[in-house]
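Note sheet for the following structure.
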Amino acid sequence: MHSKVARSPKILTLLTALALAALFLPARAADPETPPPPATPAPVSAPAPTAAKEVPSPALENSLVKVFSTIRFPDPYKPWTKQAPTEVTGSGVVIDGKRILTNAHVVNYAGQIQVQANQAGDKVSATVESIAIGIDLAVLKLDDESFFDTHPPIAREKRLPEIKDAVMVYGYPTGGSTLSITKGIVSRIEFSVYHSSLAGLRIQIDAAINPGNSGGPAIVDGKMIGLAFSRLGEAENIGYIIPCEEIDLFLDALTHGAYQGKPASFDETQTLENPALRVYLKLDKSVEGVIIHQPADTDPDYPLKEWDVITRIGDVPIDDQGMIKINRELRVRFNYMIQKLAQNGKVPLTIVRAGQEMKVELPVHNKRATIIPELEGAYPSYFVYGPIVFSEATTEYVGGFLRGTKAAGLVFMMSFVGNPLLTRGGDKPAFEGERLVVVSSPFFPHKLAQGYGNPMGQVVDTVNGIPIKNLNHLVEVLRDAKDEFITIAFKTRGGETMVFRRTEILAATEEIMTDNGVRMQGSPDTLATWAKKEK
């Protein structure tokens, strides 16, 4: 039986498609009131009594708001439409400049936003002024700025708190409609991953944080030390705060225009703890630092090479675990200093290479280019061609493979046939503009698809023998085709090549769209490309 499956392209395609169809009916994005990674939604019990001496302040409470959002998430598996509206609530604080600060996941994809002050009976309409998905921050502007005449900005602490500092978290979590205040202590401060490849300082506290707390302030000695944004799944009383240092980086960037992210290095490193490793590299006992395992760039002019040991960033020494000391109690990853030292896109490093110490200037970037990017608040691009819907692969699309009880079998099947959605997930583009073009959905019902396996989840390799670079390139190839037939081949083992008469598939597209309630043949970008067709 195994040999029959291995020799049958159609069976492999059909099995994958059936698993995909079962898994993605319906596809749904995560509830924005559930904290984003690394937290996973789970009940959080109330914290044990602490020694916190904080007393709720009426003046501070006057700077808090409850945020109401009506959100329509994208549907990566039906990119021509959006998911049904979802009503969510969160928290926010008044900051300088007549603005409201909250979490990005509270207002991302929101079509309508309102805020309500503490103890107020009315709501004020708001819009997103700036948003940073990666660091989970957003700034709102109000339609009626007279609101700020009676609601002053909250005071923010510039310094990081101390471990064991008493902390109070204000917000509007589930379980009631009025302001909630929980107590705890600062448990830990780390430089950790927030979202995808973006990292930053993160404060851990043991005060209860629940859905709805997102965007609410954490207070120490009457000042905000950060914004609640997440909690750790099954663990009790582990919540996370975005510290004011990260918030200020975001707000400062807005004074110079749109937020473009934070400078970062994407070189892969490993620790220098193993004795044999030190001997292999012929390092003196006095040398401490972190090893470059894989440089971010293989260009000969790139300043870092494999086996380089970074010993200092700026003037700050790095230990054998890749950590630096901020103060007597606090050690964090050396990468933290990049956002503090970066000037003109470079950071000074001291390295040891082949036993010789040298100084280099490391280029840093705001984003790591990947062949499967995130939507980052956008809706997916798509193009309908006859019974097929093409889109570009995103992490939101691939993320669906990992959900549900059938995920393991689906992942195995896709790996077995070499689907690039799995095999190239973390790759950088091989050339400028490279993206994976995927068939986002099952076939629309039509006789043109008769006899073909369901192509959902398949990555396009060629159209009429032309290798496809990205979605707009695919549209160009289809637009300019003159041949009698359109042939579509996919990047999987055991797949099948689909052949359609070009005139038939063009003639059927409008009818298929009408039958399936699809208003537009493509997203604005693909339609602009399609419209350039020679007359």
Side-chain angles (χ1 to χ4, degrees), residues 30-36 39 41-47 52 54-71 85-95 99-110 112-128 131 136-142 147-148 150-154 156 167-184 203 205-220 222 224-231 237 239-242 247:
D31 181 351
E33 272 314 298
T34 299
V44 176
S45 60
E54 294 276 0
V55 176
S57 164
L60 186 151
E61 293 173 8
N62 201 37
S63 300
L64 304 178
V65 298
K66 187 172 184 178
V67 181
F68 299 81
S69 298
T70 302
I71 292 174
T86 301
E87 304 291 333
V88 302
T89 61
S91 306
V93 293
V94 177
I95 60 171
R99 299 173 295 177
I100 304 290
L101 181 69
T102 187
N103 284 146
H105 73 264
V106 173
V107 295
N108 194 24
Y109 293 112
Q112 178 179 330
I113 305 170
Q114 295 178 306
V115 302
Q116 184 176 33
N118 185 42
Q119 301 293 333
D122 57 343
K123 300 175 183 176
V124 181
S125 294
T127 55
V128 175
I131 192 166
D136 202 7
L137 292 171
V139 169
L140 308 181
K141 294 286 284 185
L142 301 187
F147 174 92
F148 297 103
T150 52
H151 298 86
I154 196 167
R156 300 199 302 274
V167 62
M168 301 179 71
V169 178
Y170 290 69
Y172 296 88
T174 55
S177 58
T178 58
L179 180 66
S180 168
I181 305 171
T182 56
K183 294 182 179 181
I203 300 173
I205 63 173
D206 68 355
I209 292 179
N210 288 289
N213 272 121
S214 295
I219 304 296
V220 171
M224 185 177 94
I225 64 163
L227 217 62
F229 81 104
S230 184
R231 63 178 183 182
N237 306 334
Y240 295 104
I241 305 299
I242 305 170
I247 293 170

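The chain is numbered in sequence order, starting from 1.
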Look only at the side chain of S63 and the backbone of P152, and say whether a donor-acceptor pair between them is shorter than 3.5 Å.
-> yes
Find the distance between OG (S177) and CD (Q116) and round it off to the nearest 0.5 Å.
-> 8.5 Å
Donor-acceptor under 3.5 Å (D136 side chain, A104 main chain) = yes
Nearest-0.5 Å distance that lies between atom CD in E61 and atom CD1 in I154 | 10.5 Å
Given side chains that start at C-beta, do those of V65 and V93 come closer than 4.5 Å, heavy atoms only?
-> no
When rounded to the nearest 0.5 Å, the distance separating CD1 of I181 from OH of Y170 is 4.5 Å
Does T102 reach the main-chain N or O of G215 with its side chain, forming a donor-acceptor pair under 3.5 Å?
-> no
Flag side-chain contact, heavy atom, 4.5 Å: I219 against L60 = yes
Examine distances only and state if a side-chain atom of S214 and a backbone atom of G90 form a donor-acceptor pair shorter than 3.5 Å.
-> no
Taken to the nearest 0.5 Å, the spacing of I95 CD1 from L101 CG works out to 5.0 Å
At what distance, to the nearest 0.5 angstrom, does OG1 of T178 lie from OH of Y172?
-> 8.0 Å
Taking N213 for the side chain and N210 for the main chain, is one N or O donor matched with an acceptor at less than 3.5 Å?
-> yes
Could you tell me which residues satisfy salt bridge (charged side-chain N to carboxylate O under 4.0 Å, His left out) with R156, sequence neighbours excluded, listed by chain and number?
-> D96, D248
Could I get the full list of ring-ring contact (aromatic ring centres under 6.0 Å, His included) partners for F147, not counting sequence neighbours?
-> H151
